[in-house]
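The chains referred to below are lettered A, B, ... by the order of the sequence lines, with proteins before strands, and numbering in each begins at 1.
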Amino acid sequence: VNIFERKQEARTTFTKVVDVDETSSDPEPWGRNFPVQYESYLKTADSTRTEYGGNHALPPSKLEQDPWLKRLFAGYAFSIDYREARGHAFMLNDQEVTKRVTDVQQAGACLHCHASIIPTYRRIGLEQQGIDPTPAVLAKNFNQEAVMAGFEAVSRMKYEVVYAELLQTPDGTDQAEAEDPHLGHAHPVSCVDCHDPKTMQIRVTRPGFIQGIAKLATSDDPLPHLPSIQKWRDSESDEPYDPNLLASRQEMRSFVCGQCHVEYYCANKMTLTLPWSNGLKMEDLEKEWDETAFPEGGEFYDYVHKETGTKVYKAQHPEFELWSQGIHARAGVSCSDCHMPYEKQGATKYSSHWVRSPMLNINRACQTCHKVPESELQARVDIIQNRTRDQMDRAAVAMTDMLDAILQVQQNGATEEQLEPIRALQKKAMWRLDYISSENSKGFHADQEAVRVLGESIDYSRQAQAAAYKLDLK
Amino acid sequence: VNIFERKQEARTTFTKVVDVDETSSDPEPWGRNFPVQYESYLKTADSTRTEYGGNHALPPSKLEQDPWLKRLFAGYAFSIDYREARGHAFMLNDQEVTKRVTDVQQAGACLHCHASIIPTYRRIGLEQQGIDPTPAVLAKNFNQEAVMAGFEAVSRMKYEVVYAELLQTPDGTDQAEAEDPHLGHAHPVSCVDCHDPKTMQIRVTRPGFIQGIAKLATSDDPLPHLPSIQKWRDSESDEPYDPNLLASRQEMRSFVCGQCHVEYYCANKMTLTLPWSNGLKMEDLEKEWDETAFPEGGEFYDYVHKETGTKVYKAQHPEFELWSQGIHARAGVSCSDCHMPYEKQGATKYSSHWVRSPMLNINRACQTCHKVPESELQARVDIIQNRTRDQMDRAAVAMTDMLDAILQVQQNGATEEQLEPIRALQKKAMWRLDYISSENSKGFHADQEAVRVLGESIDYSRQAQAAAYKLDLK
Amino acid sequence: MTNDDSAQQTQTNLTSTGQPIIRPSRRFRPGLVLFAMTLGLFAGIGTFTFGYGNGASYLSNNPQTCANCHVMQEHVETWQHSSHHHVAVCNDCHLPHDEIGKWVTKADNGFFHSLAFTLGDYPDPIQIKDRNRTVTQNACISCHKDFVHSLLPASSSAETKRAIDANVLSCVHCHADVGHAFHAFATGSKRE
Ligand SMILES: [Ca+2]
Ligand SMILES: [Ca+2]
């Protein structure tokens, strides 16, 4: 700090039309205070899509586009129904109607990332602490302790049960009526999930993320793109790393997304977990799963691969993790810079809350920084994505060749002892392929890293295949 | 107007102190006209090196650093002696003393890229055309026709013979003396190789490149980074694409390097060839070799891999080709921008002719465009190179595993028929690994592409290994 | 557009003397004291580019005077090609918009740049320093605050421990080229 540094001027205060508070999971009243942001938020119900899409009632099925996914996920819910992502407005609905939920028993933790669930966590947490969660108490403050307690309490409960709890929590608009047992509606991600209702400052609210990032801070992964973590490490504080207190605004502009766009475990054998205790690289995450045991005992796995009987891991949308390995993160470019670019309206600029593919908005999302024509930026992204795609197809062929080879030796009587090293290779191969194919940028978020991970997948698949042939059991 | 045009405004007018002409392969007189450029050119005799190096009489041996290279090159001259590159001043000397030349008979084409050989080509070309190559005739103009004729004539001759011819050509300074049979000295790459002595404009002189780029222009590879080729294609001209007439200055700033930093065939079975008729991607080059037959008959190959007896290709320093796949080429950044950045002396700007690793000169080479601290740029390059290195090591293990598997089945009596498909895989695997390991930027010139190529190498090595095991000949 | 007429006037006075006048003030920080001392030292030695390079140009609003130093030539050219060449001159962005800061910066930069120029020990291309980056950032906000108020900190109260400094977005993180055409990426992303 020096003499030149003037006090930062604060934002001009907004005209509050209505009051919003910690129970306001309905975005509508917020929208009256912030009409431009709200209008753009509502547009997430629009479903224009880029090349890898179309226009459908439900988004296109990834299983149909890439039939090898069915073999990859054999025996797991993802092999029944797995689609492309679409706008935030759909998140709750798409979860309710997926066959993964309608045909399979899922855990309450699923709602952690698909509903505006924090007030419900708080309510249940307060109840557990013996406090009466009146609407006034619920509305008063964030109460992280209660939120965490509620989260722990419901994570492993049944999906339907937790969904019903959502409807028992006031949402800031609905009033309980005689015939309607609801206290509130269930909402997809909403203002209160990312904003402090008093100051409008962005914040993170998701217990899974708060725990995950605190674990990450204690790791020795370098993380140059998250300087506040390095500062916390240097301070040798006794308090866990708290993003809401310590992160810079630019970091927060990615953390709000990192609440959900991350790899997780989310089923009924253990609380929702983000595997970040060793770092954010693909190998770091794998290492945590390798070191994890279920509370009830037994080594961690996501599913038993049906064709081969191997216990394997499932990777889900590691956008935050892959972005962390890329040049944009390194250059301080946040998720919001590209996915929520500033727009002009009249005499002011605002963040577009129409969170979507930046390729539908190249002008604002990219051209402020990259002064090249739209067509050129599109071409650059195409090259990166096509290269990733080619390597992914190659990895998929290797994976299916591996499965065929394993199946054959199993038919010919391979013993468990013989299979063990092969299963280990299979697990690594499948995790790596799934990691990049379930990441939604088709390699853009970190192009070289994406192709590196796929190269490793190929290596392990082919090694497993070779090892199976070597058993000499044809 | 773009960043390059802006830079290019800065041209210095020179005071001619001495006359130079087309025979002036000795840089010294040029140096009197352009002392700053000359002084920086002389510094290429300095041999400070980056991480991947040291300070030695001869540069470090790559064979010792990566012992798997000996198995990759088994049976070929490269397995005897293969070192890191160093400054341009050493190029002729390092070629003369390499065991690849002292212990093995090499072709005259080797000098195409290691000596200032154009006046010699012209002299021999003129002789072939029945014209007396007096010093005056030689000095008069470039005479591309004669240069091409001379090149064709000496390419397949013996190295020593062509070297002797070099000494029979005037170099612009030496005068023939009674006792000294030399007409000129032999020089490494010199001013006349890249500059027109009359105008000082940059130009390309190497017959191999002139033929190669003309072939490339007729291909259907998109080449957005070389817009003058697209223009030539659109013009549907009958004349072959001529870089000296058609290329933009910014393109020429890469072409001068593309004269030598390219994949080639250079031995005695056919004239020096750059395999660009299908495009500049690794697969395009491979395709040309696959389609090539030697003039004397027989399908093209570089060497018979000694351990396995498979005929394979050798890749050499495809810097120009790999750069062409990268984001810098795409953004119009030329080799010279990074390897010959502008420096200031007093109020004049000049191009540093101390061609070397940009990592020894980050401020000038990178910070014009990237306004981030040097340490940060270094870190970014390290990440890219280390990722490439990791994948390369992985590909090397796969390659040696493959060789072991093939050797085993050969010992156990595999037939040629059984081996044929395995050899095809082996050839692809070895070409891809060699392609990236012989490229000298360790992946930097096109990071995602480099790792993609290595991923394919892994795939083919492991497929060959699996196929060998499948033969059931253990 | 600078609208600082008074500053302009003072400046003319100074220009005519050909020497900068540093008025000691209790508000000057140690750096300035050091500056004054070093200046004394150099004045003693006698040869100093400040005069030779028309040091007083630091005090002028005419961009061409910055180009008095050839090392500034490129910056002047790129400014001419920038979107701001008709609305802001060098000093609008590189000098604080308040009185004291303005003169301190002028003296500070004027001195150190002249010194660097004389000694020749500066990076080329020149790298802007953090303290001058704060100046440009504040300049953007000063002109555009109405338009960008949503980018400013949500609150300046002590409700959060988050450093106030980490709480504002760097303008040049996205608008790297407003003052200088072709200014590729900034940096500017002050990530901490
Ligand atoms: Ca998972
Ligand atoms: Ca070759």
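- When every heavy atom of C/Asp124 is checked against every heavy atom of B/Asn363, the shortest pair comes out as O-OD1, 2.7 Å.
- The two residues C/Pro125 and B/Lys371 make their nearest non-hydrogen contact at CB-NZ, 4.4 Å.
- A distance of 12.0 Å separates NE2 of C/His70 from NZ of B/Lys349, quoted to the nearest 0.5 Å.
- For B/His88, the ring-ring contact (aromatic ring centres under 6.0 Å, His included) criterion is met by no residue, not counting sequence neighbours.
- Under 4.0 Å is where a charged nitrogen must lie from a carboxylate oxygen, and between C/Glu74 and B/Lys344 no such pair does.
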